[in-house]
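Report on the following structure.
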Amino acid sequence: MNIIETENLTRRFGRNDAVNGLNLAVPEGSTVALLGANGAGKTTTLKLLMNLLQPTAGSARVLGADSRRLGEKEFAQIGYVSENQELPLWMTVRQLLDYCRNFYPTWDRDLEATLLKQFALPTDRPLKQLSRGMTMKAALLSSLAYRPKLLVLDEPFSGLDPLMRDEFISGVLEVSATGQWTVVVSSHDIGEVERLADRVAMLDAGRLRLDETTEALLGRFRRIEATLDEAPAALPAGLPTAWREVEHAGRVIRFVDTAYAREATEAACRRLFPDAAVVAQPMALRDIFIVLARQARGAAEAAA
Ligand code: ATP
C-alpha cells in the first residue's frame with residue numbers, strides 16, 4: 001500500500017512551475033529522502049502534501065485521503081517538522097508537550113520520557129530562549145511522541161551541529177525500530193539522510209528526476225578507472241550513454257557508470273579498451289547526487 005500517491009501534482013507561482021506534473025508513490029514502511037538543488041520544489045511538494053498549499057493541477061492522496069481534504073483524523077497520524085515551523089514560542093517544552101498530548105490518542109508517555117532524556121532538552125525554559133537546534137528537537141519530540149503513521153521532515157538538519165544531528169537521527173531511528181511508519185525527509189544533508197533513507201526521490205526544476213530504492217541507486221553507480229598500456233590519442237567512439245563525466249589523462253580513463261552491472265560494464269570496457277586494468281569503486285549517495293545535479297544543470301543550460 002502507498003501512504004502517499006501523487007498524480008500529475010502541479011503548483012505554479014505566477015509563471016514558475018515550482019512542482020510540475022509530479023507522479024510519486026511512497027510505499028508504507030519506507031523512508032524516502034527527497035533530494036534536489038535549491039529551488040527544486042521540495043518544500044512546495046511537502047506543503048502540497050500537508051494541505052498547506054493547494055495544487056494548481058493534479059492531486060495527491062495522503063493516508064488514503066485527498067490532500068485538500070486532510071482533516072483531524074489524518075493529522076492525528078501525521079508528524080510534520082519543518083525548518084520554518086511556527087511554534088508557540090512563549091511555551092516551555094513541558095507546556096508544549098502537555099498541550100500537544102491532548103490532540104493525539106496514540107501519545108506514548110514512555111517514548112516522550114525517553115526522547116526528552118535523549119534530546120537533553122530543558123523542560124522549563126520558554127521555546128523562545130532555546131537555540132534553533134533545540135527548538136527543532138522540541139518540534140521533533142512533539143511529533144514523534146504519538147508515533148505517527150507518517151512523519152514528514154522538511155530540512156530538519158539545517159542549523160544543527162553534528163551532535164544534534166546525530167541525536168535527531170537517533171530519535172527518528174528509535175521510533176523506526178519499534179514500529180511501522182513511513183518517513184519523508186527533504187534535506188541537503190545527503191550524508192545524514194543516507195543513514196535513514198531506503199528510497200531516494202530527486203526533484204529537478206519541479207520534476208521528478210528519479211525515484212528508486214537507495215540500494216538500487218547505490219548499486220547502479222560506480223566510479224570507473226581504466227588504465228591502458230599506452231596513452232590513447234583520443235577516446236574511442238561509441239561510449240555507452242550511461243557513462244558520464246568521461247575524462248582522459250595520459251593512460252587513465254575515468255568515468256561514472258550510471259547503469260553499472262559488473263559483467264556488462266567489464267565487457268564494454270574490454271571492447272573499448274582492450275587489455276586495460278579496470279577498477280570499479282562504489283559511490284556515496286552525496287557523490288551520486290552531485291553527478292545527477294551536474295547533469296541536470298547541463299541539460300537545463302543546453303535547453304536554454
Ligand atoms: P530549497 O532547497 O532552497 O529550500 P526547495 O527545493 O524547497 O528549495 P521550493 O521552496 O519548493 O524549493 O521552491 C520551488 C520554487 O518555487 C522556487 O523557484 C521558489 O522561488 C518558488 N516559490 C516557492 N514558494 C513560493 C511562493 N510562495 N511564491 C512564489 N514563488 C515561490
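When a ligand or atom number is given, it counts from 1 through the structure's own listing order.
Remark: Phe289 engages no residue in a ring pair (Phe, Tyr, Trp, His ring centres under 6.0 Å) (not counting sequence neighbours).
In this structure, a donor-acceptor pair under 3.5 Å is absent between the side chains of Gln95 and Asp98. Defined by atom type and a distance below 3.5 Å, a donor-acceptor pair is missing between the side-chain atoms of Asp198 and Thr214.
Applying the ring-ring contact (aromatic ring centres under 6.0 Å, His included) test to pairs two or more places apart or on separate chains, none has a residue in residues 191-218.
For ligand 1, the protein residues within 4.0 angstrom (heavy atoms only) are Phe13, Asn16, Ala18, Ala37, Asn38, Gly39, Ala40, Gly41, Lys42, Thr43, Thr44, His188.
Other cluster members for Leu272: Ile224, Leu228, Leu235, Leu239, Trp243, Val246, Ile253, Phe255, Tyr260, Phe273, Val278, joined by side-chain heavy-atom distances under 4.5 Å among Ile, Leu, Val, Met, Phe, Trp and Tyr.
Of the residues listed (Arg244, Gln281, Met283), the one engaging Phe221 in a side-chain contact (heavy atoms from CB on, under 4.5 Å) is Met283, and it is the only one.
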